[in-house]
Every structure is written in structure tokens, then in C-alpha cells.
K.L.:
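Would you mind keeping the following structure in view while I ask a few things?
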Amino acid sequence: MSSSMYNWQLPKKTEMPIEFLQQCEKLNLNKTLARLLWQRGIQSEEALAEFLQPQIERLHDPFQLFEMEKVVERIQGAVLNGERIMVYGDYDADGITSTTIMTEALELLGADVSFYLPNRFKDGYGPNLAVYKEMIASGIQLIITVDNGVSGHEAIDYANTQGVDVIVTDHHELPKTLPNAFGIIHPRHPKGNYPFGELAGVGVAFKVACALLEEVPAEFLDLVAIGTVADMVSLTDENRILVTYGLKALQQTERLGLQALLEISGVDETKLDEQSIGFALAPRLNAIGRLADPNKAVTLLKTFDQSEAESLAKELDSINKERKSLVETITKEALALIEPEDDIHIIAKQGWHEGVLGIVAGRILKETGKPALVLTIKEDGIAKGSGRSTESLNMFEMLDSLRDLFTSFGGHHAAVGVSLPQGALTEFKERVENFAKGHKELLLGNSLAIDAVISISEANLDLIKELKKLAPFGMDNPQPYFMFQHVYPKDIKTIGADNNHLKFTLTDNDHAQLMTIGFGFGNQAAVIENNELSLVGQLQINEWNGRQSPQLQLVDFAAVGLQVIDLRAKKNRQHLRFAADTLFIHFNHKLPEEFQKFHFAEVVHFQDLAHLSALESTKRFSSIAFLDCPNDAVTLKEIRTATNVQQVYLILSASDDAYLDGLGTREQYGRLFKLIARQKTLDVRYKLPSIAQFLRIPEKLLIFMIQVFFDLEFVTISDGVLRQAEIAGKKDLTSSQVYQNRQQKIKTEEFLLLSDIATLKTWFEN
């Protein structure tokens with residue numbers, strides 16, 4: 001079986017109590033849905049009610065958050081005394097929505113309030129000392145952070161020396177020592193006992209707003225849903241309630257900015273769901289913080305001016321398109337620079353935009369299945385970038401031991417940001433490589449929990465509609481992953497502007513069919529085609545011309561048994577990436593020209609099976625790629641049998657065009673012989689192209705014909721000069737060993753290059 005991107009975790013087979021099944025029947029839940037709920041820990045009547053029927057009344061009391069009373073009193077006092085308040089946010093979608101909610105809540109109280117979102121490139125993340133100094137010098141008397149602050153010791157200490165209180169509202173990882181703020185509202189505060197610790201920054205800001213306004217402000221729920229989904233926090237408990245109600249509020253939002261953003265994003269408000277946030281709204285809000293001034297995004301969410309809303313929505317959409325273009329360009333360049341054998345990819349280059357490197361690192365991780373750090377080398381000689389990791393490798397802990405190399409460093413388990421001098425890059429790569437060699441157990445990749453194994457016929461509209469009862473989906477409540485076994489693809493097409501995506505029909509032995517879409521799988525078309533698959537995906541409804549049909553969104557796959565992958569056409573191999581343990585074999589003495597610029601992990605000129613066996617004794621290979629054609633096709637089968645690999649890539653570059661040019665006709669040989677007899681000498685070192693043009697014979701074929709004459713001793717060649725030899729007796733062209741070898745090669749190339757891949761796969765197996 002070919003490797004999948006993820007480590008698949010099949011569901012455990014457990015019996016559900018009859019009482020639970022009866023309760024599910026009362027709620028009109030089928031057995032598949034009942035099992036999904038049970039596997040996700042929803043196993044009681046009370047848990048079913050809370051999960052399936054979220055109620056706003058079940059939100060926790062905001063005053064359960066540590067120091068909430070103290071903070072509310074301080075803010076109320078500031079409002080009554082007319083103090084100037086600054087809301088200091090963050091430049092991502094969570095920070096933008098948090099800032100909007102906190103600012104509007106204070107405005108409802110009549111506060112003198114303004115807001116500031118730091119610039120990613122000038123200010124960095126979190127409290128910035130220079131900005132705090134500027135704020136305080138301008139007369140700000142109270143600073144309230146949202147979605148940041150728990151690590152802002154320096155700036156907060158300065159504010160304290162100036163008699164300015166700082167209230168921190170945050171949800172990020174808590175440092176060992178908390179800053180000396182007036183109050184810290186955090187769902188996991190070490191001195192608190194709040195029932196749910198997974199609020200996003202916007203959720204914490206919303207809780208403060210609830211406490212200040214002494215009610216649940218429904219007008220903020222649309223923003224809470226956006227920030228919560230965008231920040232990918234756990235969509236359970238309180239977050240599930242907030243997003244459920246927030247999506248309803250978003251469908252009928254009165255915010256002109258959101259209406260304009262929904263329209264320009266092409267989102268139908270009546271069908272709006274959490275995916276609309278994740279794929280349409282959040283990327284546009286995040287993009288402005290990656291490339292430009294994020295404060296405009298808050299203005300967009302707050303504006304009452306229709307023309308301003310439309311103008312800002314267009315600006316955010318334009319910036320997002322620019323962000324997409326940058327990501328695509330840099331990802332292609334970064335993939336071209338990776339070393340396939342590296343366990344952890346570290347890629348650095350001058351000129352890359354630092355605002356998108358986290359996304360690029362995530363793309364590299366998905367493409368290769370390996371942790372990645374992507375850095376841009378700036379003009380000041382500093383390499384700055386981001387890293388993304390698998391669940392098995394805590395990248396923050398790994399890099400924490402290398403702090404001596406960094407000028408700045410931060411992050412968490414799966415995502416980090418680093419800066420270091422360009423001159424330290426070599427040492428950085430070496431130390432990370434040494435870590436990887438000593439901790440192979442941490443480089444296992446990501447796991448994928450499969451919810452159920454079903455057949456294609458079971459993937460019907462009724463099931464998909466039933467699954468919507470589990471929504472909204474997100475962290476800790478993902479859209480179910482279904483596995484299909486012993487299935488086959490047909491009618492494969494690459495789609496999208498750059499053919500990055502796949503569309504095909506999935507079939508099984510019962511002839512059931514399921515339309516399948518694979519975003520980002522365009523480079524896997526050759527691997528999927530003509531192979532039996534085990535496949536994992538998520539079910540959705542496809543609507544076209546008013547008709548609904550089931551559709552599977554491909555998440556991962558593995559090919560079963562022997563895979564013969566057709567890369568004979570250059571278009572098939574443009575984007576394909578080979579596994580690090582692939583053996584590349586060529587049969588001609590010279591590596592085919594088109595591959596000479598590539599760096600292959602292991603490439604050998606095939607000599608014999610004994611030589612191959614000696615190579616295999618030092619290193620095992622999972623795949624073999626045949627770069628060109630051998631003289632005899634059987635050689636390929638012998639190599640595959642000897643190595644017992646399950647994945648064979650057929651590239652089979654034909655450098656001399658034997659099967660195209662053939663052996664030459666009797667008339668062509670006659671023309672060549674007459675020219676030799678007439679000229680006595682021919683300069684075949686420098687004048688060969690001219691001779692080929694004169695004789696109207698393809699140059700490569702002419703070379704072969706001269707070799708046949710030389711083999712039959714019709715001519716001699718010395719220092720590049722060809723002369724006619726005295727011919728002793730008549731010799732047939734077919735008696736030449738060179739001629740016979742080409743006959744065999746043409747037969748081989750015709751079979752290997754012109755047979756369809758299904759025929760070749762059967763030939764290999766038999």
C-alpha cells in the first residue's frame with residue numbers, strides 16, 4: 001500500500017448501551033449518527049440535549065472569570081470619570097472582532113474610547129513599548145488589551161510607571177510569570193476556576209461585554225462566531241453555543257461591512273455556515289493583517305456608511321487576492337528548494353513576504369507530511385519566518401533549546417515564529433537535523449481519526465442531511481471522516497486554473513458511484529489512476545441546476561497492492577513529488593538530459609541485479625522510478641520482482657527516439673551509401689547536422705545508420721572523419737548487432753511507451 005499523508009486511526013468497535021440507542025431513536029437519530037455521537041463522548045441523555053440543542057441560557061456566568069468584578073468596576077469608573085480608554089488588539093480575525101466588540105461595548109456605556117491594532121511588521125505581536133509610550137503621551141488613561149497581553153511585561157510595566165492601568169483580556173498560553181496588569185481576564189487563569197478554558201480572544205472580549213452590559217448582547221454574536229471559527233479553538237461547550245447562535249445572527253446581520261464582505265465573497269446568506277467563515281470571511285480579515293494596516297478591518301465592521309462599507313470590502317478582497325498570489329508563488333519556490341530526504345524542512349530565500357510564510361509552511365507540511373520552517377532573508381541580514389509542525393513534534397519545545405541562535409522566538413506546539421542572523425542559518429539547519437536524527441519517534445506525522453467505514457451506497461443524501469445535526473463543525477468536533485475500502489477511480493480530470501485539483505467518480509465492485517473532489521490533489525492524478533484505493537473523505541451535498549447529489553471531498557488516500565504510476569507524459573510529472581526513499585534508475589550510460597538538473601535522493605545507472613541487490617543491502621526503497629527505457633522490457637519486471645517494491649513510476653524518457661525514427665528504410669541507407677561513395681570522406685564530428693539535412697534523414701537516425709555501417713565494416717571512422725572501407729563480400733543490414741539491438745529496443749519502446757497503463761500493470765503482476 002502506498003503511503004497516506006496521515007496516520008489513520010480506525011474507530012474502536014464498542015457496543016452502545018440499548019438505553020442510549022433508545023434515546024437516539026426518540027430524537028430521530030439513525031444508528032450511524034448515534035455511533036458518531038457515542039465515539040465523540042456524547043453518551044448520556046443530558047449530553048445529547050446540550051449538544052444537539054445548544055441554548056444561549058447555558059452560557060456560563062461571566063463573573064466566574066477571575067478578577068471580572070474588579071475589572072468591571074475599573075472600567076465603569078473610567079467611563080464615569082471621562083477617562084480616555086484605548087482598546088489594543090491584534091491583527092488577525094480573532095483580534096479584529098475582539099477589538100470591535102470591546103470598543104462597541106464601551107461606546108454603549110458612553111466611554112471615550114479609541115482602538116489600535118498593531119502593525120505586524122512595525123509593531124509585532126502583543127503590547128509594544130513604543131506604541132504604549134505614544135498612547136500614554138497622547139493622554140490615554142486606561143488600556144484594555146484584547147486577544148493579547150499575557151506576555152506583555154515590558155510595555156505593561158512602563159504603563160504602571162506612568163500611572164496608567166492596563167487590563168489584559170487574552171486566551172493564549174500563559175507564561176510562567178504573569179504581567180503586573182491591573183487585572184487579567186483569562187479563561188485558564190491559574191487562580192480562577194472558570195468552567196470552560198477554550199474561549200477564543202473574541203469569546204473573552206464578549207464575556208467582558210456581557211459583564212459590563214449586564215446582559216448577553218445579541219448584536220455581537222455575529223462577530224463572536226467569526227472570531228471563534230477563525231481562531232480554530234475547540235467548538236464544544238460554550239463555543240458551540242456562541243457559534244450556533246452567531247451563525248444565525250450572521251445570516252441576518254445588520255452590519256453594513258459584513259453585508260458588503262459577504263456579497264463580495266460570493267456567500268449566500270441563507271446557506272451561510274461555519275465553512276463560509278473559514279473559507280470566505282476569515283481569510284479576507286486575516287489577509288489585511290498579513291499585508292497591510294489591519295485597523296481598516298475594524299472600521300469595516302463598525303461603519304454605518306454604505307459606500308465606506310463597500311469600498312473597504314473591495315479593498316479587503318483585493319488584498320486577499322494578493323495574499324493568495326503570494327502564497328502560491330512562494331509555495332512553488334519553496335517546494336523547489338526542499339531536500340526530499342530531510343526530516344524537517346528549513347527553507348530560506350531573499351525577497352519572500354514575511355506576512356504569508358506561516359501559510360506557506362502549512363502548505364509544505366501538508367504537501368510533504370513533514371514539519372517545515374520557511375524564512376525570508378531581509379535586507380538587514382536577519383532571516384525571519386514561521387514554522388508549522390505535526391502533532392507528534394512539539395516544534396516550540398524543539399526550538400526552545402536553540403534560543404541562543406535567535407534574535408526573537410515564540411509560538412506553541414504546532415506553530416512558531418523565529419528570527420535569526422543569516423549567518424546562523426547553516427548551524428540552525430545542522431542542529432535541527434541532529435535533533436531529528438535523535439528523535440525519530442517524534443516524526444510520525446499527523447493522525448486522522450476516522451469516524452466510520454462505509455460503502456459508497458451508504459453515502460446518500462439522507463445520511464449527509466442527518467450529519468448536519470452535528471454542526472457547527474470545527475476543532476474537537478470535526479466534520480466526520482468516512483473511509484471507503486476497495487474502491488476505484490474513473491473519469492479522472494484535473495481542474496482549476498493551474499490544474500491543482502482533481503475531480504473523479506469513485507466506484508466499487510457493486511458498481512455504486514460517488515462524485516469526488518480533491519482540492520490540492522491535482523499532482524496525484526497519476527498515482528490515483530488505475531489503482532485500487534482506500535480513501536478517506538468528508539461528505540457534502542453538491543447542488544447543480546436545482547438538483548442535489550452526494551459528493552465526497554477527498555482528504556487522504558492510499559493505493560492498495562502494486563501501483564504502476566504513469567509519468568510517461570511530461571504533463572503528468574510536472575508537479576509530482578517523490579518519496580524520500582525512491583530509487584531512480586536509468587539504463588543508458590548517460591542520465592537523460594531533462595533530469596540532469598534534478599537532485600534525486602538516490603539515482604543509479606543499472607548494471608545488473610547483483611549490483612542492485614548490493615545497493616538494497618545498505619538501504620531499503622519503497623518506490624522505484626524508471627527514468628528511461630532498457631533494451632529489453634523484461635528487465636523492468638526483473639527489477640521490480642527483485643526489489644519487491646509496491647510503487648513503480650514509469651517515466652521512460654526515450655532519448656534517441658528509436659521507436660519514432662525506426663530502423664531506417666532501404667532507400668535511406670542507399671542515399672547514405674551513395675554519398676559516402678561519392679565524397680570519400682565525411683566530417684561526422686562537426687558536419688553531421690548538415691549531412692542529415694542534405695540527406696533528409698533525422699539526425700539521431702543518421703547516427704544509428706552510420707553505427708550500423710561501422711559495425712558491418714562498411715566504413716571506418718578516425719578523428720571524426722568517416723571513410724568508405726573496402727567491402728569484402730555482401731553483408732545484410734540485419735546481421736549487424738547494432739541493428740539487432742535497435743530492433744529489440746524499438747520493440748521494447750513500443751510496448752512500454754504505447755501500451756495503456758492498465759496493460760502494463762497486468763504485465764508487471766503476471
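Atoms considered below: every heavy atom in the structure, side chains included; atoms not considered: hydrogens, waters and symmetry mates.
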K.L.:
Is a side-chain N or O of Gln740 found less than 3.5 angstrom from the main chain of Thr734, in a donor-acceptor match?
P.N.:
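Yes; at least one donor-acceptor contact below 3.5 Å.
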K.L.:
Are Lys384 and Leu420 side-chain neighbours, meaning at least one heavy-atom pair lies under 4.5 Å?
P.N.:
no
K.L.:
Any carboxylate oxygen within less than 4.0 angstrom of a Lys/Arg side-chain nitrogen, looking at Glu616 and Arg620?
P.N.:
yes
K.L.:
For residues Ala526 and Leu567, report the shortest heavy-atom separation together with the two atoms involved.
P.N.:
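The pair with the smallest heavy-atom distance is CB-CD2, 3.7 Å.
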K.L.:
Mark yes or no for whether Thr329, through its side chain, and Leu326, through its backbone, hold a donor-acceptor pair below 3.5 Å.
P.N.:
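Looks like no, no N/O pair under 3.5 Å.
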K.L.:
Once you round to the nearest 0.5 Å, how far does CD1 of Ile330 lie from NE2 of His353?
P.N.:
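Ile330 atom CD1 to His353 atom NE2 measures 8.0 Å (nearest 0.5 Å).
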K.L.:
Taking side-chain hydrogen bond (donor to acceptor under 3.5 Å, both in side chains) as the test, write out the residues that go with Thr390, two or more places apart.
P.N.:
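Partners of Thr390 under the side-chain hydrogen bond (donor to acceptor under 3.5 Å, both in side chains) test: Ser392.
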K.L.:
Are the side chain of Asn446 and the backbone N or O of Glu391 linked by a donor-acceptor pair below 3.5 Å?
P.N.:
yes
K.L.:
Are the side chains of Lys700 and Asp661 in touch, meaning some heavy atoms are under 4.5 Å apart?
P.N.:
yes
K.L.:
As a quick check of understanding, evaluate side chain to side chain donor-acceptor pair (under 3.5 Å) for Asp628 and Ser653, giving each step before the final call.
P.N.:
CA-CA 4 Å; Asp628 56 10; Ser653 174; over 6 Å; no
K.L.:
When you look at Arg290 and Glu322, which way does the salt bridge (charged side-chain N to carboxylate O under 4.0 Å, His left out) test go after all the steps?
P.N.:
CA-CA 11 Å; Arg290 293 184 179 279; Glu322 182 186 355; over 6 Å; no
K.L.:
Rounded to the nearest 0.5 Å, how far does CG of Asp491 lie from CG of Leu506?
P.N.:
11.5 Å
K.L.:
For the residue pair Leu760 and Phe751, establish whether any side-chain heavy-atom pair is separated by less than 4.5 Å.
P.N.:
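Yes, side chains in contact.
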K.L.:
Gln479 and Gln275: side-chain donor and acceptor closer than 3.5 Å?
P.N.:
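Checked: Gln479/Gln275 side chains pair up, N/O donor to acceptor below 3.5 Å.
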K.L.:
Between Pro371 and Met395, which heavy-atom pair has the shortest distance, and what is it?
P.N.:
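Pro371 and Met395 have their closest heavy atoms at CB-CE, 3.8 Å.
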K.L.:
Can you tell me how far CG of Leu533 sits from CD of Gln563, rounded to the nearest 0.5 angstrom?
P.N.:
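It comes to 9.0 Å.
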K.L.:
Can you measure from CG (Leu583) to CG (Leu612) and round to the nearest 0.5 angstrom?
P.N.:
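Output value for this atom pair is 6.0 Å.
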K.L.:
Would you mind reporting whether Tyr739 and Leu663 have side-chain heavy atoms less than 4.5 Å apart?
P.N.:
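Counting from C-beta outward, Leu663 and Tyr739 do come under 4.5 Å.
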K.L.:
Spell out, as yes or no, whether a donor-acceptor pair under 3.5 Å connects the side chain of Lys637 to the backbone of Trp763.
P.N.:
yes
K.L.:
With rounding to the nearest 0.5 Å, note down the distance linking CG in Asp711 to CD1 in Ile706.
P.N.:
13.5 Å
K.L.:
Looking at every heavy atom in both Ala692 and Glu699, which two are closest together, and how far apart are they?
P.N.:
CB-CA, 3.9 Å
K.L.:
Nearest heavy-atom pair of Ile338 and His345: which atoms, and what distance?
P.N.:
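For Ile338 versus His345, the nearest heavy atoms are CB-ND1, 3.9 Å.
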K.L.:
Using modelled atom types and a 3.5 Å cut-off, is there a donor and acceptor pairing between side-chain atoms of Thr643 and backbone atoms of Ile639?
P.N.:
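Confirmed, Thr643 side chain pairs with Ile639 backbone.
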K.L.:
A side-chain contact here means heavy atoms from C-beta on lying under 4.5 Å apart; do Leu636 and Leu752 qualify?
P.N.:
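Side chain of Leu636 against side chain of Leu752, heavy atoms only: contact under 4.5 Å found.
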K.L.:
Any carboxylate oxygen within less than 4.0 angstrom of a Lys/Arg side-chain nitrogen, looking at Glu433 and Lys437?
P.N.:
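Salt bridge between Glu433 and Lys437, a charged N being under 4.0 Å from a carboxylate O: yes.
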K.L.:
Answer yes or no: is there a donor N or O on one side and an acceptor on the other, between the side chain of Thr635 and the main chain of Pro630, under 3.5 Å?
P.N.:
no
K.L.:
Look at the aromatic rings of His589 and His605 and report parallel, tilted or perpendicular, splitting at 30° and 60°.
P.N.:
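It falls in the tilted class, 30° to 60°.
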K.L.:
Using atom types as modelled and distance alone, determine if a side-chain donor or acceptor of His501 lies under 3.5 Å from a backbone N or O of Ile495.
P.N.:
no
K.L.:
Using a strict threshold of under 4.0 Å (side-chain N to carboxylate O), is an ion pair present between Lys440 and Asp343?
P.N.:
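Salt bridge flag = yes for Lys440 with Asp343.
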K.L.:
Quick one: does any side-chain atom of Asp510 pair with a main-chain N or O of Ala512 as donor and acceptor, under 3.5 Å?
P.N.:
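No.
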K.L.:
Any sub-3.5 Å donor-acceptor pair from Ser325's side-chain atoms to Lys321's backbone N or O?
P.N.:
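Checking the backbone N and O of Lys321 against the side chain of Ser325, no donor-acceptor pair under 3.5 Å is found.
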K.L.:
Heavy atoms only: give me the nearest Gln646-Leu562 pair and the separation to one decimal.
P.N.:
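Answer, listing the atom of Gln646 first, then Leu562: OE1-N, 3.3 Å.
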K.L.:
Flag the pair Glu427 and Arg431 as a salt bridge only when some basic side-chain nitrogen lies within less than 4.0 angstrom of an acidic carboxylate oxygen.
P.N.:
yes
K.L.:
Out of Gln737, Lys745, Gln744, Gln743, which one pairs with Asn741 under the side chain to side chain donor-acceptor pair (under 3.5 Å) rule?
P.N.:
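For Asn741, the side chain to side chain donor-acceptor pair (under 3.5 Å) check succeeds only for Gln737.
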K.L.:
Within the 4.5 Å heavy-atom criterion, are Thr516 and Phe521 side-chain neighbours or not?
P.N.:
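Contact flag for Thr516/Phe521 side chains = no.
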K.L.:
Between the side chain of Ser389 and the main-chain N/O of Leu393, is any donor-acceptor distance below 3.5 Å?
P.N.:
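Yes, because the side chain of Ser389 sits within donor-acceptor range (under 3.5 Å) of the backbone of Leu393.
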K.L.:
Are Glu367 and Asn523 linked by a side-chain donor-acceptor pair shorter than 3.5 Å?
P.N.:
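Yes - a donor-acceptor pair under 3.5 Å links their side chains.
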K.L.:
Could you check whether any side-chain heavy atom of Phe621 comes within less than 4.5 Å of a side-chain heavy atom of Thr582, counting everything from C-beta outward?
P.N.:
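No - every pair of side-chain heavy atoms lies 4.5 Å or more apart.
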K.L.:
Is it the case that the side chains of Thr762 and Glu765 hold a donor-acceptor pair, with the cut-off being a distance below 3.5 Å and no angle test?
P.N.:
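No, because no side-chain N or O of Glu765 sits under 3.5 Å from a partner of the opposite role on Thr762.
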K.L.:
Any side-chain heavy-atom pair from Trp8 and Ser534 closer than 4.5 angstrom?
P.N.:
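Side chain of Trp8 against side chain of Ser534, heavy atoms only: contact under 4.5 Å found.
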K.L.:
Any idea which heavy atoms bring Phe504 and Pro489 closest together, and the distance?
P.N.:
CD1-CB, 3.7 Å
K.L.:
Given side chain to side chain donor-acceptor pair (under 3.5 Å), test Glu638 with Thr641 step by step and report yes or no.
P.N.:
CA-CA 5 Å; Glu638 291 174 344; Thr641 303; over 6 Å; no
